[in-house]
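Notes follow once the structure below has been shown.
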Amino acid sequence: MSVEAWHAPGEPVGYDEAIAQRFEPFLVGTAWGRPWSTTWFRCTGDVPAAWIGDRIEAVVDFGFSSRGAGFQAEGLVWTADGPLQGIHPRRTAVHLPEARPGTQTIVIEAAANPNLGVGFRPTPLGALDTAGERPLYTFRAADLARRDDEVFHLLLDIEVLFELMRALALTDPRRARLLRTIEDAFDSIDVDHVRATASDARKLLRPALDLPARASSMRVIGVGHAHIDSAWLWPIRETVRKCARTFASAVRVMDEHPDYRFVCSQAAQYDWMERHYPALFERIRAKVAGGQFVPVGGMWVEADMNLPSGESLIRQMVHGQRYFESRFGLRCREVWIPDVFGYPASLPQIFAAGGCTRFVTQKLSWNKQNRFPHNTFEWEGLDGTRVLTHFPPVDTYNAEVASGEMVFSEHNFQDHGWSDWALMPYGYGNGGGGPTLEMVERAHRMADLDGLPRLALGTTDEFFERVEGEIAAGAPVPVWRGELYFEMHRGTLTSQIETKVGNRRCERLLREAELWWATGGEPPAEVLAQLDELWREVLLQQFHDIIPGSSIAWVHADAEDAHRRVAAALETSIELAIARAVPAGMSVVANAATHARREVVASIEPPAGSTHVQRLSTGETAAMVAAPGGGFGPLAALDVDDQVVVTERSMANGQLCVQWDLDGTITSIIDVRRGRELLPVGQTIRFELAPDHPVEYDAWDVESWTPALGREVGGVETVAVTEAGPLVAALTVTRRFGASTMATTCTLRAESARLDIAIDVDWQEDEQLLSLRVPLDVRTEHATCDIQFGTVRRPTHPSSPWDAAKFEVCAHRFVDLSEPSFGVAVLNDGRFGHGLFDGGVRVSLLRAAKFPDPNADHGRHRVTIAILPHGPGLDDVLAAAESLNVPLRVHTSPASSPGAASERLPGPLVTVDHPGVQVSAIKRADDGSGDLIVRLYEAAGNRVPVTIRPAKLPDGAWRCNALEERLDAVEVADEIVALVLRPFELVTLRVTPER
Ligand SMILES: [Zn+2]
């Protein structure tokens, strides 16, 4: 074909705009494509009349390397009716069913995406401003061709039998016979006349292909799939185009093979198609209606499961299921997250709340230390909820339908004792691509073939129905209780920490915005629409390569921009919501936490004439204030019972006495009321730096030996008492180490047992792990870690291989080490990676990996780690964790506030009376009914009665699922909703106010 090209000058443009440009002649064999650029190629050739009747294809080579689909140049073939199909290294042919004799033209939007998946070495190609201008590819070929069907099928016959032969044991008679059969077939081919002799060769292979599978062979259901990382080694804008290429190809394969099924997750990706490729979206919709294009997963994206809050994971399901229901009239029944780095113990009930009783993942086959003992099992979560779970024994979500994969599936499957069925997700993936015609053709040959499990093309639904049938008939399905800890990629708890911190900030602000808008009466529809929009933006950034910190620089810059944008919009929204609720001219303290608070806040201007205030060294003022949980208190400086007293090297109130040495190192923390020293004799709280060189996956992994290499960070430059009480006392230490500087401020406040260590660091190190090591004189076998909707216990010792593998674990707001009557919690407002040891906690603060972002984590970071001694139970810890993470908000309404709805300060919408119960969300119902939705959970593992007192008389109350559909009525008596929560139970409550 002859080729013309138009090189788009900047970011991608649409088909109509591109096609209107002036295309220049382009010489096949020349270079094209500066990194991340787009070139539109128009290829024209003549179809000879003699070809009509054969299958005519255009075959294109952008300069592909042998590496697979989705990691290099890719193309989308366009027609005036929209996208036709994708082009990648394993899908270079474009079938032209309408070809007539004479001129034939195809138009391709080609993306010069750099291949960053090779070697995982530091590269400047991951950001536009460092990627350079040098073209990446040489356009090798654009040809018209006709396919010889007999040769095409001969090749597939040989692939299937040859791979089967190689996969069988040397002692297997079938292997020897196959070798002879294939030799005979090859001998029958005249290499100078392949076309003429292909049929003879196929006839010789036929008996080997017709031999049926053994009666006892297992059953595999092959589901077409394309794993498309919503961002990773490419930015989101490129993923939108990857989806168009992949989905257009999937639809085309469906046209050719009616038995082919393609399962596709991530509602966000469908949403992109709907908005950017409406014609393709309509074709997808038709194929969904026909049962070939199958939405799975029920989530907005395939999110990371360690780092987002419980509420975020609920919203992943709500936004996903709502989308699938509104566009396709269906809900997913399974969660589909094959490539996610660990699964907390609260997931089963989150999935169940979102309408999913089934779960597919594959990642635990990557475990480095221990092999997980099942492929199909019931996974039991924290509260006792179970989901039927399957790890496809092919150990990949990118199978290629090779005979060897099928043999491996059967050998690898660990549940033959009770189940006959396994799933095999096939199709090129990570960067998309999906199944090819060849894969479907091979699958047909494997349906019933001696030496292989029997393979049927189908859906995840069909797979789970089979297994559920086995269980219903009495098969002894095994049960695994507790988290599915992933023994790899522990570095993703810390890498690109600002992306994680930004997510956490947005989660907090979303919760506050929903609460305060619900408080001031029915929110305007446009506010609810905006909150939905902002939620989806945050949910997108929770994708399993974005929030874990494993993407290129471009992706993390985009994520941090998105978080800044969302946070700014929410701050504005929250101000408006509070202004609407608070009467004119009033100054209030807004407390979005679950329970009432009384604490010192800084940076406020108390009303004139206030006593009991402290002027801070920053020029700000601090005062003791109070507010009810989820409500407003008047801003007033309160009497202080327990002031802080500072001496030269100590600060103390009635609860805590803290001492330091000349270097500002904390040498003693005494719990005054309980008479306990927190630090072991001779040990101090210290920062540590450790060389951090993962063996394989730079941004992903922290190795077991890395923390042990930690050396204390010295470099102290100044030590000063920066606040001297009586409300706030603070010690500030500055340091310089390597190319970095760090200021740490230890703060003790009046009436508080919490010691805060605020860290402000300009981090310029490379391949180092910075930790805060907090030794504690507490002896316990287990630490209690805060996770989504509950806590989980992890070992403080490496006694068994399963214990030893948990050397770096995820915790959200705190880790607690407790003896039966005394404990110490280490809290944080923005870290996740923790090391646990008998007698202490190590908090991973910062890393600096070199791949995929060579500049990862350089820059300024702020975080507060806090230490809190406490008595038995977690009540104090939960309250302190909320206080640290949900700061009190001070608001002054203008004297004439036009928006204010009432003359009286509204009380909290609901009051929760048990300290172990936490409120995850208070919002108006999504259906616009004006009902109140309260999502709460028991956080400590107790069985507790709880009463919820709504501000408005309730007309009725119901337990709901996450989609806010009524399940059971809850008794309402004396204006109170009374519940008993099971340990770690999550409840979504719908309260209808009396009208
Ligand atoms: Zn992935």
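Start at 1 and go down the list; that is how both ligands and their atoms are numbered. None of the values given here were measured: they were computed from a predicted structure.
Remark: Phe281 CZ to Phe247 CZ distance equals 10.5 Å, nearest 0.5 Å.
Around the Zn ion (ligand 1), the protein atoms of type N, O or S found under 2.8 Å away are His227 NE2, Asp229 OD1, Asp339 OD2, His544 NE2, listed by chain and number.
By the 30° and 60° cut-offs, the orientation of the rings of Tyr343 relative to Trp379 is perpendicular.
Around atom CZ of Arg237, more than 12 heavy atoms belonging to other residues, nucleotides or ligands sit under 6.0 Å away.
Salt-bridge annotation for Glu537 and Arg565: present, with a side-chain N of the basic residue lying under 4.0 Å from a carboxylate O of the acidic one.
Listed by chain and residue number, nothing satisfies the ring-ring contact (aromatic ring centres under 6.0 Å, His included) test with His556 (two or more places apart in sequence, or in another chain).
Counting heavy atoms from C-beta outward, His227 and Asn398 have side chains that approach closer than 4.5 Å.
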